[in-house]
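Worksheet for the structure shown next.
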Protein chains: 2
Amino acid sequence: MTSFTEENYLKAIFKINEKTSKPASTNGIAQQISTSAASVTDMLKRLAEKELINYEKYKGVTLTPTGNKIATNLIRKHRLWEVFLVNKLNFSWEQVHDIAEDLEHIKSDSLIQRLDNYLGNPRFDPHGDPIPNAEGKFMIRNQTSLDQLSIKQKGVLVGVSQHQSEFLQYLNELEIKLGTAFEVLNITSFDKSIKIRKDDTIDITLSHEVSKNLLVKKINE
Amino acid sequence: MTSFTEENYLKAIFKINEKTSKPASTNGIAQQISTSAASVTDMLKRLAEKELINYEKYKGVTLTPTGNKIATNLIRKHRLWEVFLVNKLNFSWEQVHDIAEDLEHIKSDSLIQRLDNYLGNPRFDPHGDPIPNAEGKFMIRNQTSLDQLSIKQKGVLVGVSQHQSEFLQYLNELEIKLGTAFEVLNITSFDKSIKIRKDDTIDITLSHEVSKNLLVKKINE
DNA sequence: GTTAATATTTAGACGAATCTAAAAATTATT
DNA sequence: AATAATTTTTAGATTCGTCTAAATATTAAC
Ligand SMILES: [Mn+2]
Ligand SMILES: [Mn+2]
Ligand SMILES: [Mn+2]
Ligand SMILES: [Mn+2]
């Protein structure tokens, strides 16, 4: 059996591997999990012992197939619960991550299978992130960050790469949500701030810090 | 903060107090929780230290107001989740207890408040047990066990005092569920087995072991 | 009211997960 | 290549929750 804590380590390693395409470092994991490097080393030994990770001293870690299965299943559960919280309980997208962080550890295959079904087998979570299927396969999303677009290009918001509630609340204020359509009007070369026309009506200016965290699908006309 | 384990002790103490109307004994708790008496004594010291229980060596335990609040809230969450699993995810009543045993430990007041609302503020769980309100008040159910009825008396099933899945599955086979109407036709003095007419149509015989675990509300005509 | 049986607590140990401080290995800098 | 900076591991301690075995207290039986 994998404990609550072990599961969190596996998920952290998965995310780092995914983001960097490299083995996860001890410090990287420590930071992700908000713990000390020493604790991480301890846990890596245990996870290696259980054959959930590939670990060589000083060389970083990757997941074994078994470890990968557990990690993707956690992500599947996390994202399905987020859909439940938003679609059924009417939570807002910035409120659900922390709750899902706990719910993802509930161990029942039939529960998650029924939940998936009840929600209509959603393929994306409230933040636009893909929900892996029961076999752990992710759907690949055709996306670019908004700051990669050039003037006059159009796009539609399909995701966010920041999940902090302050960021999401800021988007709420601007009435930017998944599905919102954009056209790039102007880019200031000095600070890379970007002026866009939203839903063909309202013009707003976004800082580079914001625009690089907005994931859009380009619309070719 | 109260841990998962501490919560389970508080709930066990609550249940014993409720059932016996006496302070819970060390052995009683040990049995309820499937652990050793020594472990219980250890934990009782910790819980007393946190002022969640009233504990005097060799004298048994009761809950303090704070401990009681935590315990009733756990029961509230447990039963609300059971309603969700049965009413929304179409689980059968014998499948939900174990899953709810985990879900009850999820800590989010807004979650449980929204869930309650989403379910239509149910007052009883799938086994007929009352769901305490947010203040911890239980609704008192007017009930007698079926074996207390005399011949020709009528009643309707409002609960079960056994929650084992084998028992519930046996009731499924007999098509006995909450709301099922009974009339007592006959009681065998030898083994106290009882013959009833179910829903005015089918006659079935139940052992005393079964009838004493069926909670009915008498119907006076 | 002693003695026997049972219930409860204490003693001592262990595994999981964590920490800080110190040692060792790796990587970067000159 | 030698030294400095950084990263990682080890050593040693702590807390939580658990165990078995032994000691003590309570309750039941004679
Ligand atoms: Mn999330
Ligand atoms: Mn998400
Ligand atoms: Mn239950
Ligand atoms: Mn129940």
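Quantities reported herein were computed from a predicted structural model and do not represent experimental measurements. Numbers restart at 1 for each chain; the letters A, B, ... are given by sequence-line order, proteins then strands.
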Within less than 4.0 Å of OP1 or OP2 of dA17(C), is there a side-chain N or O belonging to S3(A)?
yes
What's F4(A) touching, base or sugar-phosphate or nothing? Going by heavy atoms closer than 4.0 Å.
nothing
Of the nucleotides dA17(C), dG17(D), dC19(C), which has the atom closest to the S36(A) side chain?
dC19(C)
Between dT8(C) (C1') and Q31(B) (CD): distance, integer Å
15 Å
Measure from the side chain of K45(B), starting at C-beta and using heavy atoms only, and say which of dT10(C), dA25(D), dA25(C) lies closest.
dT10(C)
Using whole Å, report how far CG of L10(A) lies from P of dA17(C).
11 Å
Rounded distance in Å - CD1 (I33(A)) to C1' (dC19(C)):
15 Å
Between dA25(C), dT20(C), dA17(C), which one does the side chain of A38(A) approach most closely?
dT20(C)
Should the pair K88(A) and Y118(A) be classed as cation-pi, given the thresholds of under 6.0 Å to the six-membered ring centre and 45° from the axis?
yes
Out of dT20(C), dT18(C), dT9(D), minimum distance to the side chain of S39(A) belongs to dT18(C)
Is the ring pair W81(A)/W81(B) parallel, tilted or perpendicular, if the boundaries are 30 and 60 degrees?
perpendicular
Examine dT18(D): is either OP1 or OP2 under 4.0 Å from a nitrogen or oxygen in the side chain of Y9(B)? Give yes or no.
yes
Is T41(A) close enough to dT10(D) that one of its side-chain N or O atoms is under 4.0 Å from OP1 or OP2 there?
no
Just checking, any donor-acceptor pair under 3.5 angstrom between side chains of N17(B) and T62(B)?
no
Check the phosphate of dT9(D) against Y55(A), side-chain N and O only, distance under 4.0 Å to OP1 or OP2. Yes or no?
yes
So what does K59(A) hit on the nucleic acid, given a heavy-atom distance under 4.0 Å: a base, only sugar-phosphate, or nothing?
nothing
Between E209(B) and S207(B), is there a side-chain donor-acceptor contact under 3.5 Å, judged purely by atom types and distance?
no
In whole angstrom, what separates E56(A)'s CD from dT9(D)'s P?
11 Å
Using a heavy-atom cut-off of under 4.0 Å over every strand shown, decide if T5(A) touches base, sugar-phosphate, or nothing.
sugar-phosphate
Identify which nucleotide among dA25(D), dC19(D), dT8(D) has an atom closest to any side-chain atom of S25(A), counting heavy atoms from C-beta outward.
dT8(D)
Can you tell me how far P of dT7(D) sits from CD1 of I29(A), to the nearest Å?
14 Å
Is the H163(B) ring parallel, tilted or perpendicular to the H127(B) ring (thresholds 30°, 60°)?
perpendicular
Closer than 4.0 angstrom, basic N to acidic O: yes or no for K77(B) and E82(B)?
no
Answer yes or no: does a side-chain N or O of R46(A) lie under 4.0 Å from OP1 or OP2 of dA17(C)?
yes
Counting only side-chain nitrogens and oxygens, does K57(B) get under 4.0 Å of the OP1 or OP2 atom of dT10(C)?
yes
Map E6(A) and A24(B) onto DNA chain C by nearest heavy atom, then report which one ends up closer to the 5' terminus.
A24(B)
Closest to the side chain of N27(B), out of dT8(D), dT18(D), dA7(C), is dA7(C)
How many Å lie between NZ on K50(A) and C1' on dA16(C), as a whole number?
10 Å
Counting heavy atoms from C-beta on, name the nucleotide in dC19(C), dA24(C), dT8(C) closest to the side chain of T35(A).
dC19(C)
Could you check L44(B) against D42(A) and say which one's nearest nucleotide on DNA chain C is further toward the 5' end?
L44(B)
Measure the distance from CD on E49(A) to C1' on dA17(C) and round it to the nearest whole Å.
17 Å
